[in-house]
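Notes to accompany the following structure.
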Amino acid sequence: MRVSSKDVAQRAGVSRSTVSYILNGHGDRFNQATREAVERAVAELGYRPHSAGRALARGQSDLVLLVLPISPNSQFSQMADQMTETLAEHGLSLLMCSATASPRSFAAVLTTARPRLVIALSELSEAKRAVLRSADVHALDIAHAISQPGGSSWTAGRMQAEHLMQRGYRRIAYARLTEARDDVLLRAREQGVREACQAAGLDGPQVITVTLRADADLDAIASLPIGTGLACYNDDTAAAALAAARVIGRTVPQELGVVGMDDTPLATQTSPRLTTIGFGLPTSWNRLAQLLLQRHETTDADFADAGECQLIQGEST
């Protein structure tokens with residue numbers, strides 16, 4: 001039999017309205033003994049509040065809406081799994097939304113789901129920001145935060161270029177991914193590479209676009225001078241570059257150095273094995289979940305350095 005708020009009230013020796021107030025975040029109007037009695041009864045009975053009723057009472061649901069990155073990878077799936085589990089332990093659920101959703105469909109999701117918070121791992125357009133303001137929903141724009149100078153995405157791009165220089169490549173190029181369009185993460189990673197070149201007194205990087213289609217990518221890789229070090233938007237981009245280099249007879253790492261990004265399982269399956277940049281993001285996701293649960297006023301700045309960047313040396317540089 002499902003445990004009700006009436007059962008909790010009887011166990012705690014209080015009214016149902018008192019239980020409702022405390023469980024909906026208004027416990028400050030009651031003394032500590034009353035709050036503890038209700039919390040103890042909830043724990044003993046294993047009570048789970050009805051999410052629809054809580055949403056009506058608070059104007060918010062127990063959902064956290066995650067705006068997906070433009071090009072999600074397997075590492076992202078692991079992070080989302082971790083956050084899902086952490087939030088679920090405390091009665092919250094993770095809902096995902098495509099970054100390519102139109103402002104109209106984005107507004108429909110907000111109206112239907114009434115999320116407690118929106119976490120943006122992709123750039124939010126001004127139209128979507130207006131939707132958030134209208135719905136009075138707070139958003140953590142993590143993609144923007146980690147893409148500022150000094151943020152982890154910017155830093156990772158700089159690390160790619162610095163590593164290539166340390167390996168002896170004096171011409172640096174940057175491989176964009178068509179699928180990523182002009183997303184904030186792409187711009188930050190490219191800018192990190194560009195600023196590392198400038199700091200070293202080198203010309204700015206030659207920029208090529210990788211489509212993940214062999215016929216188009218052959219020309220892009222062939223356009224790079226012998227001895228170029230290629231920093232790639234992500235591991236998918238880098239794997240495509242390695243495949244194209246093999247087809248046109250460009251030896252790696254002797255004639256072309258390649259470094260990826262995100263430390264996905266793909267990096268261990270290429271030939272030669274890919275050098276890549278990884279992030280300590282699982283810790284950051286757990287920290288985010290804990291901050292949400294503690295009801296802290298979390299801001300974008302809390303995640304500007306979302307995960308320490310680490311070089312994973314492979315055989316492609």
Judged by atom type as modelled, is there a donor-acceptor pair below 3.5 Å linking the side chain of S134 to the main-chain atoms of A130? no
Is the shortest side-chain heavy-atom distance between N234 and T264 below 4.5 Å? no
Listed partners of R40 passing salt bridge (charged side-chain N to carboxylate O under 4.0 Å, His left out), at least two apart: none
Path from V258 to L224 over hydrophobic side-chain contacts below 4.5 Å: yes
Does E255 use its side chain to pair, donor to acceptor, with the backbone of T251 at less than 3.5 Å? yes
Can you see whether T275 engages H163 through a side-chain donor-acceptor pair at a distance of less than 3.5 angstrom? no
Ignoring hydrogens and angles, tell me if any N or O in the side chain of S153 forms a donor-acceptor pair with the backbone of S147 under 3.5 Å. no
Is it the case that one hydrophobic cluster holds both V259 and I312, taking links as side-chain heavy atoms less than 4.5 Å apart, direct or via other members? no
Is atom CD of Q32 surrounded by more than 12 heavy atoms (other residues, nucleotides or ligands) closer than 6.0 Å? no
Through direct or indirect side-chain contacts below 4.5 angstrom among Ile, Leu, Val, Met, Phe, Trp and Tyr, which residues connect to I226? none
Applying the 4.5 Å side-chain criterion to the ILVMFWY set and letting contacts propagate, would V207 and W154 be lumped into a single cluster? no
Please determine whether side chain to side chain contact (heavy atoms under 4.5 Å, CB included) holds for the pair V64 and S93, giving the CA-CA distance in whole Å, both sets of side-chain angles, and the decisive distance to 0.1 Å. CA-CA 6 Å; V64 174; S93 299; over 6 Å; no
In terms of heavy-atom contacts, C309 and I277 come closest through CB-CG2, 4.2 Å
Among side-chain atoms of T209 and R176, is any donor-acceptor pair under 3.5 angstrom? no
Side-chain (Q160) to main-chain (G260) donor-acceptor, under 3.5 angstrom: yes
According to salt bridge (charged side-chain N to carboxylate O under 4.0 Å, His left out), who are the partners of R133, at least two apart in sequence or on a separate chain? E126
Not counting sequence neighbours, list each pair that qualifies as a salt bridge (Lys or Arg N to Asp or Glu O under 4.0 Å) and has a residue in residues 238-254. none
Say you draw a straight line from CG of D262 to CG of D236; how long is it, rounded to the nearest 0.5 Å? 8.5 Å
On the ring face of Y174, is R194 found with NZ or CZ under 6.0 Å from the centre and within 45° of the axis? no
With sequence neighbours excluded, what pairs up with P272 under the side-chain contact (heavy atoms from CB on, under 4.5 Å) test? L242, V252, E315, S316
Which residues pass the side-chain contact (heavy atoms from CB on, under 4.5 Å) test with R171, not counting sequence neighbours? P225, T228
How many angstroms lie between atom CG of L68 and atom OG of S122, to the nearest 0.5 angstrom? 8.5 Å
Which value, rounded to the nearest 0.5 Å, describes the distance between L45 atom CG and Q10 atom CD? 10.0 Å
Mind checking salt bridge (charged side-chain N to carboxylate O under 4.0 Å, His left out) for R187 and listing every partner two or more places apart, or none if nothing turns up? E123, D182
Give a yes-or-no answer on whether the side chains of S152 and T155 include a donor-acceptor pair shorter than 3.5 Å. no
Is a side-chain donor or acceptor of D217 paired with a backbone partner of L212 at a separation under 3.5 angstrom? yes
Answer with yes or no whether the hydrophobic clustering places I221 together with L218; edges join I, L, V, M, F, W, Y residues whose side-chain heavy atoms lie under 4.5 Å apart. yes
So if I apply the side-chain contact (heavy atoms from CB on, under 4.5 Å) rule between L66 and each of I142, I119, L140, which one comes out positive? I119
By side-chain contact (heavy atoms from CB on, under 4.5 Å), A267 pairs with (sequence neighbours left out) D235, L274, T276
Any idea which heavy atoms bring C232 and M261 closest together, and the distance? O-CB, 3.8 Å
Closest heavy-atom pair, I172 versus C197, reported as atoms and distance to 0.1 Å, is CB-SG, 3.7 Å
Value rounded to 0.5 Å, distance of CD in Q313 from CG in L311: 5.5 Å
Can you name the nearest heavy-atom pair linking M165 to R170, along with the distance? CB-NH1, 4.3 Å
For V109, the rest of its hydrophobic cluster, which grows through side-chain links under 4.5 angstrom: L63, L65, V67, L95, F106, L110, V118, L124, V131, L132, V137
Can you name the side-chain contact (heavy atoms from CB on, under 4.5 Å) partners of D203, sequence neighbours left out? none
Interatomic distance, OH@Y233 vs CZ@R189, rounded to 0.5 Å, equals 5.0 Å
CD on Q198 to CD on Q191, rounded to 0.5 Å: 8.5 Å
Residues at least two apart in sequence or cross-chain that pass salt bridge (charged side-chain N to carboxylate O under 4.0 Å, His left out) with E44, listed by chain then number, are R11
Quick one: closest heavy-atom pair of V193 and A231, and the distance? CG2-CB, 3.9 Å
Shortest non-hydrogen contact between A241 and L230, atoms and distance: CB-CD2, 3.8 Å
Residue pairs passing the salt bridge (Lys or Arg N to Asp or Glu O under 4.0 Å) test with at least one member in residues 143-163, sequence neighbours excluded, are R158-E162
